[in-house]
Protein chains: 2
Amino acid sequence: MRVRLEDVARRAGVSPKTVSRVLNDEANVTDATRQRVTAAMEAMDYRPLSSARSLAGNRSFLVAMLYDNNDNPASTYLAEIQDGVLEACDTHRYNMMVRPLRMRGDDFVRRLDAVISDHHPDGIVLTPPITDYAPLLKRLRERHVPFASVSPMSRVDNIGVAMDEQLAARTMVEHLLSLGHRRIAHVSGIADHGASRWRLAGYREAMAGAGLVEDPKLVVQGAFTFASGVAAARQLFALKKRPTAVFAANDDMASGVMWAANERGLKVPQDVSVCGFDDIPLASQLWPALTTIRQPSREMGKVAALQLLEVLRGRGGGQLVQMPFSLEIRDSTARPS
Amino acid sequence: MRVRLEDVARRAGVSPKTVSRVLNDEANVTDATRQRVTAAMEAMDYRPLSSARSLAGNRSFLVAMLYDNNDNPASTYLAEIQDGVLEACDTHRYNMMVRPLRMRGDDFVRRLDAVISDHHPDGIVLTPPITDYAPLLKRLRERHVPFASVSPMSRVDNIGVAMDEQLAARTMVEHLLSLGHRRIAHVSGIADHGASRWRLAGYREAMAGAGLVEDPKLVVQGAFTFASGVAAARQLFALKKRPTAVFAANDDMASGVMWAANERGLKVPQDVSVCGFDDIPLASQLWPALTTIRQPSREMGKVAALQLLEVLRGRGGGQLVQMPFSLEIRDSTARPS
DNA sequence: GACACAATTGACAGCGCTGTCAATTCGCAG
DNA sequence: CTGCGAATTGACAGCGCTGTCAATTGTGTC
């Protein structure tokens with residue numbers, strides 16, 4: 001009926017244990033044997049039964065991707081990361097599961113425990129903002145569950161993938177400066193998210209670099225949502241000295257800013273330039289198309305997962321890989337008039 | 001170390017097999033025994049090891065959600081369905097895996113086979129448009145893998161969830177008619193998708209109902225993407241007798257239509273009304289906010305998965321559940337001027 | 001060519017659970 | 001109170017694989 005490891009062994013003329021070694025890519029098998037076994041596996045279309053492997057070997061071949069569905073419900077950003085993680089897991093024949101983990105409430109560590117106890121993932125991929133919850137990271141380390149992060153705030157003791165968001169934000173603001181803008185506002189994200197901090201820092205760095213003194217009125221707190229972008233922009237546009245450009249910490253808020261501009265009868269980019277961060281699909285579909293920073297989310301998910309898999313497969317420690325970004329200049333930014 | 005079924009049995013004073021029966025909710029256990037066992041499980045925080053259960057019981061407790069990442073890359077629609085499926089699986093302690101399955105090429109049946117052989121899902125949730133590939137459904141039936149569909153084209157021999165999309169489309173067009181529109185255009189989706197057919201049929205039904213003869217020029221083929229919406233709208237707006245309203249078969253295309261209107265200097269809704277279908281998050285964020293049909297995607301994913309789980313848990317056949325829709329009238333539709 | 005040592009291979013038990021089927025207990029008619 | 005069928009419970013093997021450790025084969029040295 002089903003082809004078992006034993007059947008492959010018989011065909012290859014070796015013991016089951018040797019087939020197991022080949023299957024798991026272990027050392028101490030001669031090339032000749034390895035090839036014979038591999039050939040037998042292929043000829044018989046052998047598919048190892050993962051439940052048996054898990055039971056006997058005490059590992060699950062499972063990678064869990066954790067995300068916070070509290071702050072970002074069903075975003076394309078996460079969908080893209082998931083896609084990348086899945087691809088990486090596939091290439092190494094690992095399974096992937098996705099787990100929402102609400103960070104609200106103080107029982108998230110308990111819920112993390114439940115996920116680990118119920119599913120026994122061999123490793124975990126963390127996505128923002130749960131890359132930075134100290135109690136959660138602590139628990140993962142206590143339980144010896146390897147993990148990799150996408151865009152973690154801390155660069156030490158972390159493997160996964162990161163992007164120089166501060167430099168990217170600075171580049172964006174320098175683009176505005178080079179167009180001639182001086183009154184540049186910033187709509188920041190949720191305060192304790194790494195993304196917010198870096199993007200704000202990049203904004204400040206660029207402004208300071210141009211010799212401009214920060215006007216506190218021009219930095220408004222948002223929450224990464226469209227609605228918060230609208231609210232922030234209303235506040236900015238009501239100022240006596242209106243900004244000529246607004247840099248929002250993500251594209252959702254930038255669309256909100258554009259919406260508010262429309263509402264107030266301000267033309268983008270003639271009356272006010274607007275730019276964002278992330279390059280979500282919507283960005284290029286807005287009217288006018290949004291100038292933003294392109295972040296290769298899918299690739300980042302893949303790279304983070306690959307670093308985790310390095311560790312799981314005992315190939316070493318894994319790195320925190322730096323990803324490149326690019327400035328996508330579109331139609332929402334122009335010289336001030 | 002780890003609490004095993006045997007440990008629970010000892011504590012409850014029964015045999016392991018009896019604990020197993022309770023765990024699997026089997027018949028022929030007295031209430032007294034069942035309660036004693038349940039209490040022991042809780043007291044010991046017993047977590048059954050799914051790999052052992054799978055190996056011994058020859059089932060995986062795994063539900064695979066298949067999607068076609070060819071036609072819809074990383075859409076929020078799928079993310080929402082996934083969320084619902086996950087929730088349903090969680091409540092019955094099933095695992096969920098997501099699998100992209102490109103429908104391009106003719107080897108997708110082979111790739112389906114690989115998924116089944118490699119992961120042994122107990123059941124499968126199908127999402128549009130792969131709810132309707134006959135060879136795929138045939139293979140699933142041959143291999144006796146139960147499946148449930150989200151919005152399948154055929155209502156016979158299918159369990160899962162559906163919505164009366166034709167009625168919804170008709171309702172949308174009737175809304176336009178009631179505003180006084182007569183030259184109403186339709187941008188349809190990919191021809192062989194059920195969604196396209198129903199929405200087009202609903203459009204026709206409403207138009208015929210109003211005694212209008214269809215003008216073939218007013219029905220343009222799109223492909224569910226923003227870009228295809230733009231292209232279709234350019235064609236429509238170039239007509240000598242421009243439509244006063246455009247009903248796009250989904251929101252992505254509707255945004256494209258709005259974009260093209262902008263491009264041509266047409267004001268929405270003053271010069272042309274635009275409406276879509278799906279109510280993606282973007283819809284309410286557009287300027288003006290898009291009139292559309294709200295489809296409860298998350299809930300639909302959940303319901304489809306629950307129907308599948310009914311079958312998997314031997315509770316009966318499962319239904320094809322009808323979901324309600326709602327017409328969301330926003331700012332992109334108005335009386336023709 | 002013999003020896004020590006390393007590399008390769010295999011025998012066997014057992015991972016934690018469930019299927020099968022036999023043993024026991026229960027409920028009830030007579 | 002006995003006997004009989006049905007309901008409940010348990011004994012035991014085994015699912016397909018890997019860990020442990022012993023047996024075997026190969027390699028280099030003097």
Side-chain angles (χ1 to χ4, degrees), chain A residues 1-38 40-41 44-62 93-95 117-120 122 312-314, chain B residues 1-38 40-41 44-62 93-95 117-120 122 312-314:
Chain A
M1 170 117 179
R2 140 172 283 283
V3 179
R4 287 159 309 152
L5 183 137
E6 188 194 338
D7 306 319
V8 176
R10 198 171 306 119
R11 171 152 181 160
V14 297
S15 75
K17 178 67 220 192
T18 297
V19 178
S20 168
R21 273 189 270 257
V22 172
L23 182 63
N24 291 290
D25 212 19
E26 283 172 25
N28 297 332
V29 182
T30 57
D31 279 349
T33 310
R34 193 180 295 274
Q35 278 174 30
R36 214 146 27 94
V37 171
T38 306
M41 282 184 182
M44 306 179 82
D45 191 29
Y46 170 64
R47 312 288 185 133
L49 191 66
S50 64
S51 54
R53 297 225 281 165
S54 298
L55 182 58
N58 199 36
R59 39 193 195 146
S60 60
F61 301 95
L62 215 209
R93 302 189 141 256
Y94 267 71
N95 300 317
S117 302
D118 286 340
H119 303 286
H120 300 277
D122 287 339
L312 299 188
R313 292 164 12 103
Chain B
M1 170 122 179
R2 141 172 282 282
V3 179
R4 288 159 309 151
L5 183 137
E6 189 194 337
D7 305 321
V8 176
R10 199 171 306 118
R11 170 149 182 165
V14 296
S15 74
K17 178 66 217 190
T18 297
V19 178
S20 167
R21 274 189 269 258
V22 172
L23 182 63
N24 291 290
D25 211 19
E26 283 173 26
N28 296 333
V29 182
T30 57
D31 279 350
T33 310
R34 192 179 298 275
Q35 277 174 31
R36 212 144 29 92
V37 171
T38 307
M41 282 183 181
M44 303 179 85
D45 191 29
Y46 170 64
R47 313 287 184 136
L49 191 65
S50 64
S51 54
R53 297 225 281 164
S54 298
L55 182 58
N58 199 35
R59 40 196 193 145
S60 60
F61 301 95
L62 214 209
R93 303 189 139 258
Y94 268 69
N95 300 318
S117 302
D118 286 340
H119 303 286
H120 300 277
D122 288 338
L312 299 188
R313 293 167 7 105

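In what follows, chains are A, B, ... by sequence order, proteins preceding strands, each numbered from 1. Here the structure is a predicted model, which is why all the values come from computation and not from measurement.
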Inset, instruction - Give a yes/no on whether any side-chain N or O of Asn24(A) is located under 4.0 angstrom from OP1 or OP2 of dT18(D). - result: yes

Inset, instruction - Round to the nearest Å and state the distance from Arg59(A) atom CZ to dT18(D) atom P. - result: 7 Å

Inset, instruction - Kindly say whether Leu62(A) contributes a backbone atom to a donor-acceptor pair with the side chain of Asn95(A) at under 3.5 angstrom? - result: no

Inset, instruction - Please work out if Asn58(B) contacts a base, only the sugar-phosphate, or nothing of the nucleic acid, heavy-atom cut-off 4.0 Å. - result: nothing

Inset, instruction - Establish, with yes or no, whether the OP1 or OP2 oxygen of dG16(D) is under 4.0 angstrom from a side-chain nitrogen or oxygen of Tyr46(A). - result: no

Inset, instruction - Whole angstrom is fine here: how far is it from CD in Glu6(A) over to C1' in dT9(C)? - result: 17 Å

Inset, instruction - Return the nearest nucleotide to the side chain of Thr33(B); candidates are dT9(D), dC17(C), dC17(D). - result: dT9(D)

Inset, instruction - Starting at the 5' end of nucleotides 20-26 of chain C, put B wherever the base has a protein heavy atom under 4.0 Å, S where only the sugar-phosphate does, and a dash everywhere else. - result: B------

Inset, instruction - Could you pull out all residues at least two apart from Asp25(A) that satisfy salt bridge (charged side-chain N to carboxylate O under 4.0 Å, His left out)? - result: Arg34(A), Arg315(A)

Inset, instruction - Return the minimal non-hydrogen interatomic distance between Asp122(A) and Ser60(A), and the atom names on each side. - result: OD1-N, 2.9 Å

Legend entry - Residue that, paired with Glu26(B), satisfies side chain to side chain contact (heavy atoms under 4.5 Å, CB included) out of Asn24(B), Leu23(B), Val22(B), Asn28(B): Asn24(B)

Legend entry - OP1 or OP2 of dT9(D) under 4.0 Å from side-chain N/O of Thr18(B): no

Inset, instruction - State whether Ser54(B) places a side-chain N or O below 4.0 Å from either non-bridging phosphate oxygen (OP1 or OP2) of dC17(C). - result: no

Inset, instruction - Would you mind reading off the distance between Asp25(A) atom CG and dC17(D) atom P, rounded to a whole angstrom? - result: 17 Å

Inset, instruction - Step through the shown structure and confirm whether more than 12 heavy atoms of other residues, nucleotides or ligands are within 6.0 Å of CZ on Arg2(B). - result: yes

Inset, instruction - Using only side-chain N and O atoms of Ser20(B), determine if any of them is under 4.0 Å from OP1 or OP2 of dT18(C). - result: yes

Legend entry - Selected nucleotide, minimal atom distance to Asn28(A) side chain, candidates dC17(C), dT9(C), dA7(D): dT9(C)

Polar pairs (N or O, both sides) under 3.5 Å between protein and nucleotides 13-15 of chain C?
from: dC15(C); atom 1: O2; to: Ala56(A); atom 2: N; distance (Å): 3.4

